[in-house]
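A, B, ... follow the sequence lines: proteins, then strands. Residue 1 opens every chain.
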There are 2 protein chains.
Amino acid sequence: MTEPGLLNEHEARAWYAFVGAAVSLDRRLDQQLKEDSGITHLQYVVLVRLDSAPDREMRMGALAETLHTTKSGLSYQIAQLEKAGLVRRRGCSGDPRAVYAVLTDDGRRMLEQAAPGHIAAVREFFLEAFTPEQLAVLADGLNEVARRARGEAAPSVTR
Amino acid sequence: MTEPGLLNEHEARAWYAFVGAAVSLDRRLDQQLKEDSGITHLQYVVLVRLDSAPDREMRMGALAETLHTTKSGLSYQIAQLEKAGLVRRRGCSGDPRAVYAVLTDDGRRMLEQAAPGHIAAVREFFLEAFTPEQLAVLADGLNEVARRARGEAAPSVTR
DNA sequence: CCCGCGTGATTCAAATTTGAAACAGAGGAC
DNA sequence: GTCCTCTGTTTCAAATTTGAATCACGCGGG
């Protein structure tokens, strides 16, 4: 049944749908955020992540890891956000090598201003295409996909 | 129940899972293809699309559209693929403005060589995280997501 | 004929991303 | 103390992407 070297019709349909949805959605959300708030989706996600962290700050390395981006890419984006006044850097007294990115008050305001439109778009373009039950299945499956793609072992129940 | 300005727990879980899976998967597939075949995922997709087209050729504009990429981005990638000898351009006798990208024999060989590893990776990282029934639901939902993100109307049953 | 317009594609400069190399400080071996 | 090496981050050059501008051509109207 499962040809090893080719995708069958059903597999191809799901796979192409995923890739197409990911690309189109990313473009659309980027466009929406740029038009309405002047920031990119990546920058928005950086702000969100900082906002939800204790004291609204995170170390560069940890932030890069949670965003699944490279350290150098994050350095660049934090520099952009710093220019825009939405984030500032501060060193760490304990470990002089560490650098914290801190969400500024302007950054928090930007988030408050940008969130409603962005979230409405996520609902309109993504969430509403599924039932709540489907979303739950989707979330489980996609978390597993992410784990596998990152080369992590499957989560064990006893862990 | 549905707070207009915020994502609830279930919505957030599904949405973050989707974004995380898309990013991580894209990185991983790019890495796999580069290591094993020396081409990027985008280039692979270009080759696949051409291979499945009549006469293994497509007009630049049509190709860009089916890949959901920009025309200029495609021009660049076709130039790269042309340098590598995997694709060639040819003009169109009927319409001198039109340009066709044509898959070369080397391109076809590249595809044959790269496909097994790539498809195995897609299976391992993506498809196997779902049951066939889940994949069908996923495909329907994600196709709808892509349509919405592209601003197309919902497909009508009578169409 | 000549102009302006529409289409299909490429080119250009600017922004972003990537991966490698550089940097800087801490800690351990000796 | 000096030398390695490790960790956390930034910097750099090269590759890629983006959107705007440009180019080239055919067509219809004046």
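Taking only side-chain nitrogens and oxygens, A:Arg89 never comes nearer than 4.0 Å to OP1 or OP2 of D:dT9.
Between B:His41 atom NE2 and C:dT18 atom P the separation is 15 Å, expressed in whole Å. For the pair B:Lys71 NZ and D:dA20 P, the computed distance is 14 Å after rounding to whole Å. At whole-Å resolution of the value, CG in A:Leu67 and P in C:dT17 are 12 Å apart. Distance CG (B:Leu42) to P (C:dT17): 16 Å, rounded to an integer number of Å. Summarising the geometry, the separation between CG on A:Asp30 and C1' on D:dG19 is reported as 13 Å, rounded to the nearest angstrom. In this structure, the CD atom of B:Glu65 is 13 Å from the P atom of C:dT7, given to the nearest Å. We find that CE of B:Met60 is positioned 19 Å from P of C:dT7, with the value rounded to whole Å. One can place CZ of B:Arg59 at 15 Å from C1' of C:dT10, the figure rounded to the nearest angstrom.
Using a 4.0 Å heavy-atom distance criterion, A:Gly73 is classed as a base contact.
The minimum heavy-atom distance between B:Arg88 and B:Thr104, with the atom names listed, is N-CG2, 3.8 Å.
No donor-acceptor pair closer than 3.5 Å links the side chain of B:Ser37 to the backbone N or O of B:Lys34. The closest donor-acceptor contact from the side chain of B:Asp26 to the backbone of B:Ala22 lies at 3.5 Å or more, if one exists at all. Of the possible donor and acceptor atoms, none in the side chain of B:Asp55 sits under 3.5 Å from a partner among the backbone N and O of B:Glu57. Between the side chain of A:Ser52 and the backbone N or O of A:Arg49 there is at least one donor-acceptor pair closer than 3.5 Å.
Figure legend: A:Arg148 and B:Phe125 shown without cation-pi pairing, the cationic atom not lying both under 6.0 angstrom from the six-membered ring centre and within 45 degrees of its axis.
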Protein heavy-atom contacts under 4.0 Å, written 5' to 3' over nucleotides 23-29 of chain D as B (base), S (sugar-phosphate only) or - (none), form the string --BS---
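Inter-axis angle, ends of the helix from C:dC1-D:dG30 to C:dC30-D:dG1, five pairs per end, rounded to 10 degrees: 10°.
Ranked by how close their nearest DNA chain D nucleotide is to the 5' end, A:Arg27 and A:Ser72 are led by A:Ser72.
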| said: A:Gln43 vs A:Gln77, test: side chain to side chain donor-acceptor pair (under 3.5 Å). Steps then yes/no. | reply: CA-CA 7 Å; A:Gln43 294 175 333; A:Gln77 284 301 340; 2.9 Å; yes
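In this structure, the ring of A:Phe18 has its center less than 6.0 angstrom from the ring center of B:Phe18.
Using a cutoff of 4.0 Å between basic side-chain nitrogens and carboxylate oxygens, A:Glu144 and A:Arg147 are scored as salt-bridged. Taking a cutoff of 4.0 Å between a charged side-chain nitrogen and a carboxylate oxygen, B:Glu82 and B:Arg89 qualify as a salt bridge.
With A:Thr40 as the partner, the side chain to side chain contact (heavy atoms under 4.5 Å, CB included) test is satisfied by one option alone out of A:Val45, A:Asp30, A:Leu33: A:Asp30.
Near DNA chain C, meaning a heavy atom under 4.0 Å from it, residues 75-86 of chain A has A:Tyr76, A:Gln77, A:Gln80 in order of number.
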